[in-house]
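Reckoned from all heavy atoms, side chains included, excluding hydrogens, waters and symmetry mates.
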Amino acid sequence: IAVMSQLALGRMLDAETMNQLFLETTQRQYQRKLLFSSITDVLAAVVLSKHASVNAAYKKMKDKAGVSLNALYQKLDRIEPQISQALVRHSYQQLLAVRKDLVGNPRHEVSGYRPRIFDGNHLSKTEHRLAETRDITAAPLPGKSLVVLDPRHQAIVDYFPIEDGHAQERSALDELLATVRAFDLWIGDRNFCTLKPLFHIDGVKAAFVIRHHQMLKGESLSERRKVGKCETGMVYERSMLIRYQDQPLTVRRIEVELKEAARDGDKTLVILTNLPAESADALKAAELYQSRWKIETAFQPLTVALNCEINTLCYPKAALLVFALALAAYNALAMVNAAIAQHRGREAASQMSHYYMALEIAETTDGMLIALEPERWLEAAALPIEQFTARMCEVAGAIDLEVYRKSVRGPKTPKPKKKHKKRSVHVSSAKILALSQQ
């Protein structure tokens with residue numbers, strides 16, 4: 001796994017490509033002694049947990065950086081958000097090329113449509129290292145982002161960084177809408193259910209499956225009719241008319257009467273879609289919306305397996321760049337999974353745990369890079385796509401899959417109601433166990 005991930009990251013974060021990407025994207029910054037490729041190398045080592053902090057990574061790589069630690073931090077604090085975005089987009093294009101060569105285009109969930117799941121992500125609080133925050137107790141928030149997932153490739157397509165930690169994720173919607181193309185299928189939560197994005201998506205001949213927000217008003221055009229039963233409950237459908245700037249739009253309103261209340265307490269899940277009924281019936285539309293949780297499962301390994309939030313990096317631009325590198329690392333793991341799926345089967349790839357994969361990378365990479373000369377990695381990164389994928393599959397054949405298999409737990413049991421005694425602050429575990437055995 002460490003070899004495959006190094007091959008994938010070497011292709012995605014190739015030094016020459018990174019420096020060229022910086023020059024093409026930057027608006028105010030420039031490169032002199034400290035190259036953008038050196039910054040990505042230092043931060044990638046921290047994101048992959050090879051080093052505990054930026055300072056620790058710098059000490060190992062200071063000769064490569066060629067500048068002082070203070071100069072590195074100053075550069076980090078000024079990396080423009082559009083550079084972080086371009087980095088994620090580049091990683092997706094590299095993954096796409098590899099996956100197409102390995103397995104071709106996967107099947108469409110809805111014929112002719114490219115699914116896109118989008119959701120917001122909040123960066124957690126940082127330490128009070130900024131002079132402006134040292135005299136306050138409130139937690140400093142370095143920013144948030146809007147992230148787009150391609151569920152067919154299980155990879156991050158796009159990233160919209162937001163520097164204001166108090167801003168709504170909807171503040172990046174205009175930028176996202178500019179990327180919408182015909183026959184995209186956008187799947188999102190009710191936070192994004194406003195008139196402007198719905199009409200824009202429909203206007204460019206794309207489709208949406210979005211949970212209805214009660215603030216969005218419309219007019220029912222038909223009686224509710226029962227469609228059938230899905231895993232989570234009974235499904236009903238009706239037509240609904242909405243208006244924006246005097247323009248009408250007829251959408252399908254799909255209601256799922258849930259067997260169990262959702263986390264927010266709602267017993268009915270209401271979904272709006274403009275998908276034609278012949279492309280996806282109400283049951284399929286409900287299933288598509290419920291696949292939205294794939295992006296939550298993508299965020300989970302970013303937090304658990306990858307060091308996507310460094311709480312000592314307090315400047316928003318630096319924190320957003322780190323998260324962008326974590327998204328690129330996630331795409332690198334998706335590239336590794338694609339090679340495993342091709343050589344060992346899709347079932348084996350679906351059982352791979354990102355946590356154990358990232359753990360292997362953190363533990364093994366330093367020694368591996370000492371044992372294998374840098375020239376070998378540079379040579380592999382520059383291979384034509386067919387030879388590169390063949391090399392990845394060759395290494396995949398040597399993996400002991402059991403070492404990286406997910407640990408699947410059984411169904412959760414209801415928690416018993418806890419007993420509270422005012423005078424009993426502590427209990428003896430040994431005594432409790434002895435009583436239970438009796």
Name the atoms and distances for all side-chain donor-acceptor pairs under 3.5 Å in residues 128-142, with sequence neighbours left out.
residue, atom, partner, partner atom, Å
H128, NE2, I136, O, 3.3
H128, NE2, A138, O, 3.0
R129, NE, E127, OE1, 2.8
R129, NH2, E127, OE1, 3.3
T133, OG1, L130, O, 2.9
R134, NE, R129, O, 3.2
R134, NH2, R129, O, 2.8

Name the atoms and distances for all side-chain donor-acceptor pairs under 3.5 Å in residues 195-207, with sequence neighbours left out.
residue, atom, partner, partner atom, Å
K196, NZ, D174, OD1, 2.9
H200, NE2, L177, O, 3.0
D202, OD1, N274, ND2, 2.9

Donor-acceptor contacts under 3.5 Å from residues 374-396 side chains, at least two apart:
residue, atom, partner, partner atom, Å
T389, OG1, D101, OD2, 2.5
T389, OG1, I385, O, 3.1
T389, OG1, E386, O, 2.9

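Listed by chain and residue number, nothing satisfies the ring pair (Phe, Tyr, Trp, His ring centres under 6.0 Å) test with Y58 (two or more places apart in sequence, or in another chain). For T268, the side chain to side chain donor-acceptor pair (under 3.5 Å) criterion is met by E257, not counting sequence neighbours. With sequence neighbours left out, T364 forms a side chain to side chain donor-acceptor pair (under 3.5 Å) with no residue at all. The side chain to side chain donor-acceptor pair (under 3.5 Å) test applied to N331 returns S91, not counting sequence neighbours. Taking K75 as the reference, nothing meets the side chain to side chain donor-acceptor pair (under 3.5 Å) condition, with sequence neighbours excluded. Shown here are the side-chain contact (heavy atoms from CB on, under 4.5 Å) partners of K60, two or more places apart in sequence or in another chain: H51, D366. Residues meeting the side-chain contact (heavy atoms from CB on, under 4.5 Å) test with R344, sequence neighbours left out: I340, A348, I399, L401. Taking F160 as the reference, nothing meets the ring pair (Phe, Tyr, Trp, His ring centres under 6.0 Å) condition, with sequence neighbours excluded.
When every heavy atom of K284 is checked against every heavy atom of A280, the shortest pair comes out as CG-CB, 3.8 Å. Here the closest non-hydrogen pair linking I254 and A285 is CD1-CB, 3.4 Å. For the residue pair A155 and L95, the shortest heavy atom distance occurs at CB-CD2, 2.9 Å. Residue L102 comes nearest to Q342 through the heavy atom pair O-OE1, 2.9 Å, listed as atom of the first residue, atom of the second, then distance. In terms of heavy atoms, V256 sits closest to C230 at CG1-SG, 4.1 Å. Counting all heavy atoms, side chain and backbone alike, I162 lies closest to A172 at CD1-CB, 3.8 Å.
Under a 3.5 Å cut-off, the side chain of Q94 and the backbone N or O of M12 do not form any donor-acceptor pair. Side chain of S145 to main chain of V147: no donor-acceptor pair is present (N/O by atom type, distance under 3.5 Å, no hydrogens or angles). The main-chain N or O of L69 is never found under 3.5 Å from a side-chain atom of K62 such that the two would form a donor-acceptor pair. Looking at Y159, its side chain does come within 3.5 Å of a backbone N or O of L320 through a donor-acceptor pair. Without hydrogens or angle criteria, S38 side chain to L34 main chain gives no donor-acceptor distance under 3.5 Å. When atom types are taken as modelled, the side chain of T179 and the backbone of L176 share a donor-acceptor pair closer than 3.5 angstrom. With K64 contributing its side chain and V42 its backbone, the two residues share no donor-acceptor pair below 3.5 Å.
Ionic pairing of D184 and R116 is not present here: no N-O contact between side-chain nitrogen and carboxylate oxygen is shorter than 4.0 angstrom. For R78 and E80, the salt-bridge test fails: no basic side-chain N is under 4.0 Å from an acidic carboxylate O. Between D77 and K317 no salt bridge is recorded (no basic side-chain N to carboxylate O distance below 4.0 Å). Note on D281 versus R252: no salt bridge recorded, every NZ/NE/NH1/NH2 to OD/OE distance being 4.0 Å or above.
Within the 4.5 Å cutoff, no side-chain heavy atoms of D158 are placed close to those of V88. The closest side-chain heavy-atom distance from H153 to L96 is below 4.5 Å. In this structure, the side chains of V46 and V322 stay at 4.5 Å or more apart for every pair of heavy atoms. Here the side chains of N121 and K144 are not in contact, with every heavy-atom distance at 4.5 Å or above. L288 places a side-chain heavy atom less than 4.5 Å from the side chain of L185. In this structure the side chain of I83 never reaches within 4.5 angstrom of the side chain of Q27, judged on heavy atoms. Annotation: side chain of Q290 is in contact with side chain of T232 (closest heavy-atom distance under 4.5 Å). Taking 4.5 Å as the limit, every side-chain heavy atom of F208 sits out of range of all side-chain heavy atoms of I187.
More than 12 heavy atoms of other residues, nucleotides or ligands shown are found within 6.0 angstrom of CD on E373. The number of heavy-atom neighbours closer than 6.0 Å to CD of E278, taken from other residues, nucleotides and ligands shown, is above 12. At most 12 heavy atoms of other shown residues, nucleotides or ligands fall within 6.0 angstrom of atom CD in E16.
D119 pairs with exactly one of R292, R190, R170 by the salt bridge (Lys or Arg N to Asp or Glu O under 4.0 Å) rule, that one being R292.
Atom CZ of F183 and atom CZ of R114 lie 8.5 Å apart (nearest 0.5 Å). Between the CD1 atom of I1 and the OG1 atom of T365 there is a distance of 11.0 Å, given to the nearest 0.5 Å. Rounded to the nearest 0.5 angstrom, Y244 OH and T194 OG1 are separated by 8.0 Å. Rounding to the nearest 0.5 angstrom, the gap separating the NE2 atom in H122 from the NE2 atom in H166 is 11.0 Å.
Side chains of Y92 and D150: a donor-acceptor N/O pair is present below 3.5 angstrom, by distance only. Of the N and O atoms on the side chains of N191 and E169, at least one donor lies less than 3.5 Å from an acceptor on the other residue. Residues E24 and Q20 have side chains that bring a donor and an acceptor to within less than 3.5 angstrom of each other. Inspection of the Q154 and Y330 side chains reveals an N or O donor paired with an N or O acceptor under 3.5 Å. In the model, S37 has a side-chain atom that pairs as donor or acceptor with a side-chain atom of N19 under 3.5 Å.
Among pairs with a residue in residues 22-48, those fulfilling ring-ring contact (aromatic ring centres under 6.0 Å, His included) read F22-F36, at least two apart in sequence or across chains.
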- Task: Any chance you could lay out the side chain to side chain contact (heavy atoms under 4.5 Å, CB included) test for H90 and Q93, step after step, and finish with the verdict?
- Result: CA-CA 5 Å; H90 169 74; Q93 291 304 321; 5.5 Å; no

